[in-house]
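As the structure is a computational prediction, the values presented were derived from the model and not from experiment. Throughout, protein chains are lettered first and strands after them, A, B, ... in sequence-line order, and every chain is numbered starting at 1.
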2 protein chains.
Amino acid sequence: MKPAKNPVGAVETTIELIEALESLDGATVTELADALGVTKGTAHNHLATLQQHHYVVKQGNTYTLSLKFLVIGEYLRNSSVLYENAKAEVEQLAADTGEYAHLSTEQHGLSQKLHKVRGEYAVGTEYQRAKLQKPDCLHYTATGKAILAYLPRSRVEEIIDYYGLPERTKQTITDRDELYETLAEIRERGYALNDEEEVERMRAVGAPIRNKDGAVLGAVSVSGPVSRMKDEQFTDVMPEKVTDAATVIEMNINMAERRGNLPRYV
Amino acid sequence: MKPAKNPVGAVETTIELIEALESLDGATVTELADALGVTKGTAHNHLATLQQHHYVVKQGNTYTLSLKFLVIGEYLRNSSVLYENAKAEVEQLAADTGEYAHLSTEQHGLSQKLHKVRGEYAVGTEYQRAKLQKPDCLHYTATGKAILAYLPRSRVEEIIDYYGLPERTKQTITDRDELYETLAEIRERGYALNDEEEVERMRAVGAPIRNKDGAVLGAVSVSGPVSRMKDEQFTDVMPEKVTDAATVIEMNINMAERRGNLPRYV
DNA sequence: CAGTCATGTTTAGCCATGGTGAACAAGACT
DNA sequence: AGTCTTGTTCACCATGGCTAAACATGACTG
């Protein structure tokens, strides 16, 4: 969370280059040199290095990131204890409710989606380039709040100190004390609500997934338009389905842990 | 393909570190320092740098790669013209045949899978950690040979010069001239066969996907056990289904290109 | 409960090396 | 042919990456 004391500059340059390649959807040496404010020579040497190790692909004069990122990423996800034991249940949840179902975990103080399944009636165009979008702040999503509620207080404070409580809609919780109250409520009832706090006209219900030591590993949620997520649907039906799913996942994980020999990934 | 003239050493160290983290499924500073043959200080600085940029996660004293790799990877795949236009068709192919269906493209002279769908009767345990495994050599897979057949001769030679023709089974083509003959046959009939050349008792049929300029973008294939992929199944039925799928995908891509404004990714 | 031995982290300093700028090569388009 | 581009390479120099050692922290042990 705190900045590196002796960061490796050349690595930071390469990282900037990778992120430029991502946001530009591929680029030429000159474009990248301009974007990073380095000479063409430098950009070229970094690209050649990355290419040699298969992180970057060159076709003609344009460089793009290679699918090696996907191979590594898929490997990590499939190694995840949480994902392995939650996948089927999340899919079930989407089928059951007809809405979007999500599985998220915390990384770097942000909410990182591990799985996202579209239910039959789910709103929104599926044609989005990203699929698993960039991590979100924890305080304005249902999974995020469910996770925050069971993270150690010190960690919660560290995260808020670092990221603050940026506002996404008028409903977003932007006050520390209000957030702490909400988290206490979540602990009482066992699930979290998101009432148009991230996107207007969208609500969500999320439940934490904890191991037998009580540590949160992540959370599941269901999200949908206010028009369907209202009244007892929002206050009873969905919370029950989501917490049930979370309970099943927890049992799966506990049984897997009992069998032992799990990889070191959350 | 040729080594970088002025590689950036610090970047190479970070890359080694990333790959060590992958193969060790997470590790501590000391483990990594030993694995790379650098001091703990160096390992630490690299890890701290990567962590600050969210490429690495630290929990307790063990570092693991972060899901950022997955986010980038999914973005790249979903930006791929080939994947977008082939996805549904490959899934259809798996449903139709009941076997595994694959979509691959060439990267760095290797065959990189973009999609892998398990049909109803497909053999083999699905519980593999990787899902999209590491790239394979082109000369011993059906998709690979289909791709090689339509790559410029100079590129084919460059690839073979670099990787050679390593043997996977007794059936693997390990002779250059024999390979060139096979590629000529593939061009004649329009599809490629893999007759236990990668894995014993497994056969596959692959067809190239080309754009309107005739350049190969990738290939689709169906693979299954010899017991089902035999006689007219192997010589007629599967080739027809696979080439039909490839044709549909090519049409999809051509229409998408006509609409224009495609990302720069294959 | 002290003592030991791991670990991760930080520091100081030297020499390698990453970066610069300019020269070079290779095409594309007048 | 000539003039733009572009990517690539070279030689030099100061930055900063690496090492080694010291420091801090905590876990295990006798």
Side-chain angles (χ1 to χ4, degrees), chain A residues 1-21 24-53 55-66 108 152 154-155 158 213 264, chain B residues 1-18 20-21 24-53 55-66 108 152 154-155 158 213 215 264:
Chain A
M1 221 65 179
K2 53 176 177 292
K5 213 54 180 297
N6 302 307
V8 185
V11 173
E12 297 199 297
T13 308
T14 274
I15 290 176
E16 283 178 47
L17 197 150
I18 288 172
E19 311 208 320
L21 274 175
L24 297 173
D25 285 330
T28 65
V29 171
T30 328
E31 286 170 337
L32 289 166
D34 290 350
L36 304 201
V38 297
T39 61
K40 289 190 294 170
T42 303
H44 178 262
N45 290 151
H46 279 266
L47 285 166
T49 308
L50 289 170
Q51 189 195 4
Q52 187 173 3
H53 294 275
Y55 288 84
V56 148
V57 164
K58 180 184 179 183
Q59 15 197 13
N61 273 351
T62 85
Y63 291 84
T64 55
L65 295 179
S66 115
H108 315 292
S154 60
R155 176 97 179 110
E158 189 188 14
D213 303 332
R264 293 197 240 198
Chain B
M1 223 64 179
K2 54 176 175 295
K5 214 51 180 301
N6 301 308
V8 184
V11 173
E12 297 199 299
T13 307
T14 274
I15 290 175
E16 283 178 46
L17 197 149
I18 288 171
L21 275 175
L24 297 172
D25 284 331
T28 64
V29 171
T30 329
E31 287 171 336
L32 289 166
D34 290 350
L36 303 202
V38 297
T39 61
K40 290 189 294 171
T42 304
H44 177 261
N45 291 152
H46 279 265
L47 285 166
T49 309
L50 289 170
Q51 188 194 3
Q52 187 173 4
H53 293 275
Y55 288 85
V56 149
V57 162
K58 180 184 179 184
Q59 17 197 10
N61 272 348
T62 84
Y63 291 84
T64 54
L65 296 179
S66 113
H108 315 291
S154 59
R155 175 99 179 110
E158 187 188 16
D213 304 333
R264 293 197 239 197

Within the 4.5 Å heavy-atom criterion, are [X] and [Y] side-chain neighbours or not?
X: His44(A); Y: Tyr63(A); answer: yes
X: Thr14(B); Y: Val8(A); answer: no
X: Val11(B); Y: Asn45(A); answer: no
X: Ile18(A); Y: Leu50(A); answer: yes
X: Leu47(A); Y: Lys58(A); answer: no

**Asked** To the nearest 0.5 Å, what is the distance between CG (Leu36(B)) and NE2 (His46(B))?
**Response**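 Rounded to the nearest 0.5 Å, the CG-NE2 separation comes to 8.5 Å.
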Roughly how many Å is it from [atom1] in [X] to [atom2] in [N], rounded to a whole number?
X: Lys58(A); N: dT6(D); atom1: NZ; atom2: P; answer: 14 Å
X: Asn45(A); N: dA22(C); atom1: CG; atom2: C1'; answer: 15 Å
X: Asn61(B); N: dG26(D); atom1: CG; atom2: P; answer: 10 Å
X: Leu47(A); N: dG19(C); atom1: CG; atom2: C1'; answer: 15 Å
X: Lys5(B); N: dG18(C); atom1: NZ; atom2: C1'; answer: 17 Å
X: Gln59(B); N: dT7(C); atom1: CD; atom2: P; answer: 19 Å
X: Leu50(A); N: dG18(C); atom1: CG; atom2: C1'; answer: 14 Å
X: Asn6(A); N: dG13(C); atom1: CG; atom2: C1'; answer: 13 Å

With respect to the phosphate group of [N], does any side-chain polar atom (N or O) of [X] fall under 4.0 Å of OP1 or OP2?
X: Tyr63(B); N: dT7(C); result: no
X: His44(A); N: dG7(D); result: no
X: Thr28(A); N: dG7(D); result: yes

**Asked** For the residue pair Gln52(A) and Glu12(B), what are the closest heavy atoms and their distance?
**Response**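 Of all heavy-atom pairs spanning Gln52(A) and Glu12(B), the closest is OE1-OE2, 4.2 Å.
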**Item:** Where Thr28(B) and Thr62(B) come nearest, the two heavy atoms and their spacing
**Value:**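 Here Thr28(B) and Thr62(B) meet closest at CG2-CG2, 4.1 Å.
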**Prompt:** Who pairs with Thr13(B) by side-chain hydrogen bond (donor to acceptor under 3.5 Å, both in side chains), at least two apart in sequence or on another chain?
**Reply:**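 Partners of Thr13(B) under the side-chain hydrogen bond (donor to acceptor under 3.5 Å, both in side chains) test: none.
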**Asked** Does any residue of residues 34-43 of chain A have a heavy atom under 4.0 Å from DNA chain D, and if so, which ones, in number order?
**Response**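 Heavy-atom contacts with DNA chain D come from Lys40(A), Gly41(A).
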**Item:** Whichever of Val29(B) and His46(A) has its nearest DNA chain C nucleotide further upstream toward 5'
**Value:**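 On the 5' side of the pair lies Val29(B).
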**Asked** Which ones in residues 7-16 of chain B lie close to DNA chain C, meaning a heavy atom under 4.0 Å from one of its atoms?
**Response**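 Those residues are Pro7(B), Val8(B), Gly9(B), Ala10(B).
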